[in-house]
Chemist: 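Take a look at the following structure, please.
Numbered from 1 within each chain, the chains take letters A, B, ... in sequence-line order.
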Amino acid sequence: MLNIFHYSFIVRGLEAGILIGAIAPMIGIFLVLRRYSLIADTLSHVSLAGVAIGLLLKINPLLTALGASAVSSLAIERLRSSKKIYGETALSIFLSGSLALAIVLIGLAHGFNVDLFSYLFGSIVTVKQADVYLIFGLSILIFILMSVFSKELVYISFDEDAAKVSGIPVALFNNLFILLAAATIALSIPIIGILLVSALLVLPVVAALQLKKSFKLTLLWAEVISLFSIVTGIISSFYLNVASGGMIVLIMLFILGVIFICKREKVYKI
Amino acid sequence: MSVNHLKNIIEIKNVSFSYGEVLVLKDISLSIHQGDYLGIIGPNGSGKSTMLKLMLGLLKPTSGEIKLFGQNIADFRDWNKLGYVPQKAINFDSLFPVTVYEVVEMGRYNKKRIWRGLKKSDHEIIEKSLRQVEMWDLKDRLIGDLSSGQQQRVFIARALSSEPEVIFLDEPTVGVDMKAQENFYALLKKLNQELGLTLILISHDLEVVSNEATEVACVNQNLVYHSDPKDCMKVNYLQQLYGADANFVIHHHQ
């Protein structure tokens with residue numbers, strides 16, 4: 001059997017994967033509870049436009065994806081809270097708009113290349129050492145901010161009016177959260193790919209929610225499921241020579257399926 | 001807490017509010033004193049919930065002035081003095097993964113505590129609040145697994161845990177069965193009489209308000225009446241409030 005740790009791209013992929021795997025459920029749990037799951041899909045498509053800009057201008061595509069995702073997230077939140085258009089309409093405008101932009105930019109860059117394909121489906125081969133540093137720095141920041149502010153975000157998600165009455169600056173927290181979600185989505189792309197980012201954020205949380213635990217335990221279980229799926233997904237994708245994103249999501253779906261079956265068979269008491 | 005019934009906690013002066021072109025409240029003036037148990041009644045769409053939201057700072061009046069604890073609402077910062085029990089049926093996702101204890105913890109979060117977690121003293125207050133509403137034994141249960149009456153007690157505990165001086169309740173017993181309602185109103189009475197908490201209760205239930213509250217405000221765009229609840233039941237006020245064709249049958253539950 002090959003010793004996979006001899007390959008530096010695997011080590012980089014695992015490092016980046018574990019960092020992403022740790023922050024994804026912290027963001028995902030609020031996306032799910034606030035019925036924002038679709039924003040992950042929208043922002044990942046916005047990130048595709050960001051990646052295309054990066055490839056065209058020969059800048060690190062992860063940086064341009066981060067920028068595009070962050071700016072759009074604030075614009076979406078603003079449109080949504082202004083109530084001038086429906087929330088999901090704002091999402092669909094940004095999703096299709098950014099996809100259109102990405103297609104035009106790819107055309108200008110004279111067609112598809114291998115790089116872009118790996119951004120779509122996730123391939124740890126594309127994770128560069130500079131990306132690992134960037135993912136490391138931002139993941140730590142997101143982890144700290146989400147740890148400190150999760151109590152306020154729980155309150156806002158559970159009962160926004162009561163949170164406002166108690167003097168919590170709700171609009172500020174909503175903007176901060178959406179910005180951190182945008183950063184997490186952009187950072188996840190090298191590992192999981194644009195088309196599967198929302199699964200990474202949503203599936204471990206949905207699986208953990210089935211266990212019917214307190215908020216803290218639900219988050220803990222989501223973390224366990226997320227990290228397990230990412231590590232086993234990356235390692236198995238190496239041996240099977242397939243895209244890491246696909247393997248990770250299939251493992252997450254498998255865990256969700258097992259939990260559903262156990263619940264139905266009452267193996268696990270709820 | 002020593003209660004000074006002359007102290008104004010909330011002053012509303014000539015307040016009007018419109019949603020766009022639609023006038024919801026017109027020229028309302030009202031004072032609420034420390035220790036009051038005020039019931040606000042009115043038909044659906046009368047603006048009573050809007051009035052509550054104005055007092056909580058969730059909406060800004062189109063004209064007029066609102067003072068909380070003597071301070072203009074725009075400058076008011078002591079939000080922990082206000083507790084809020086929302087209309088349960090609307091505002092609450094029963095699948096949300098939080099335990100009773102975690103819900104009551106929320107009452108301890110406010111602007112001053114953003115950068116730090118809860119201390120031992122916070123946990124003591126949370127325990128005390130849960131014991132006051134007799135829900136301590138169920139503290140580890142998920143909020144969605146409780147009955148409606150129990151859930152409302154938890155929301156009261158959450159309001160209590162911020163150590164408020166006044167608690168606002170928006171139709172708190174919608175969907176709560178009769179027996180649980182009686183217990184719930186007995187609890188409110190205890191909070192008002194024994195702890196001296198000021199209570200502001202919005203309800204469409206005339207009978208509850210006349211039995212429970214010490215004062216009543218009848219709202220239908222205008223403030224129709226504000227004084228003793230027993231007098232409010234006199235038909236002429238109710239006709240002003242609900243229209244001349246309305247008939248009132250007062251039920252007395254055993």
Chemist: B:Val103 versus chain A, heavy atoms under 4.5 Å apart: side chain, backbone, both or neither?
Modeler: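 Contact with chain A: side chain only.
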
Chemist: Only pairs of heavy atoms separated by less than 4.5 Å count here; which of A:Leu217, A:Ile29, A:Thr218, A:Val165 has the most with chain B?
Modeler: A:Val165

Chemist: Pick whichever of B:Ile143, B:Leu56, B:Leu58 has the most heavy-atom pairs under 4.5 Å with chain A.
Modeler: B:Leu58

Chemist: What closest approach, in Å, do A:Ala40 and A:Leu201 show between heavy atoms, and which atom pair accounts for it?
Modeler: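 Smallest interatomic distance, heavy atoms only, reads CB-CD1, 3.6 Å.
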
Chemist: Please work out whether the ring planes of A:Phe30 and A:Phe215 are parallel, tilted or perpendicular, with thresholds of 30° and 60°.
Modeler: tilted

Chemist: Heavy-atom pairs under 4.5 Å with chain A are the metric here; pick the option from B:Phe96, B:Phe168, B:Trp79 that has the most.
Modeler: B:Phe96

Chemist: Which pair of heavy atoms, one from A:Pro25 and one from A:Ala22, lies closest together, and at what distance?
Modeler: CD-O, 3.6 Å

Chemist: Using non-hydrogen atoms and a 4.5 Å limit, figure out which bit of A:Val32 sits close to chain B: side chain, backbone, both or neither.
Modeler: neither

Chemist: Under a 4.0 Å N-O cut-off, is there an ion pair linking A:Glu77 with A:Arg80?
Modeler: yes

Chemist: Is it the side chain or the backbone of A:Ser214 that comes within 4.5 Å of chain B heavy atoms, both, or neither?
Modeler: both

Chemist: Given heavy-atom pairs under 4.5 angstrom as the criterion, report whether the side chain, backbone, both or neither of B:Lys81 touches chain A.
Modeler: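 B:Lys81 has no heavy atom closer than 4.5 Å to chain A.
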
Chemist: From A:Leu145 CG over to A:Ile140 CD1, what is the distance, rounded to the nearest 0.5 angstrom?
Modeler: 11.5 Å

Chemist: Which atom pair, heavy atoms only, marks the closest approach of A:Ser47 to A:Ala65?
Modeler: O-CB, 3.7 Å

Chemist: Grab the two heavy atoms, one from B:Arg158 and one from A:Ala162, that are nearest each other, plus how far apart they are.
Modeler: NH2-CB, 3.3 Å

Chemist: Does any heavy atom of chain B fall under 4.5 Å from the side chain of A:Arg35, the backbone, both, or neither of them?
Modeler: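 The side chain, not the backbone.
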
Chemist: With chain A as the partner, which of B:Leu95, B:Val85, B:Val98 has the greatest number of non-hydrogen pairs under 4.5 Å?
Modeler: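 Option with the top pair count is B:Val98.
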
Chemist: When only heavy atoms count and the cut-off is under 4.5 Å, which of residues 171-189 of chain A reach chain B?
Modeler: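 Residues A:Phe173 are the ones that qualify, each having a heavy atom under 4.5 Å from chain B.
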
Chemist: Test B:Lys128 against B:Glu124 for salt bridge (charged side-chain N to carboxylate O under 4.0 Å, His left out), laying out the working first.
Modeler: CA-CA 6 Å; B:Lys128 191 175 131 198; B:Glu124 285 166 5; over 6 Å; no

Chemist: Compute whether any side-chain donor of one residue and acceptor of the other, for B:Thr173 and B:Tyr185, lie under 3.5 angstrom apart.
Modeler: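 Yes.
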
Chemist: When rounded to the nearest 0.5 angstrom, what distance separates OG in B:Ser161 from CD1 in B:Ile125?
Modeler: 8.0 Å

Chemist: Which pairs of donor and acceptor atoms, one on a side chain in residues 132-142 of chain B, lie under 3.5 Å apart (sequence neighbours left out)?
Modeler:
none

Chemist: At a 4.5 Å cut-off on heavy atoms, which part of A:Tyr155 comes close to chain B: side chain, backbone, both, or neither?
Modeler: both

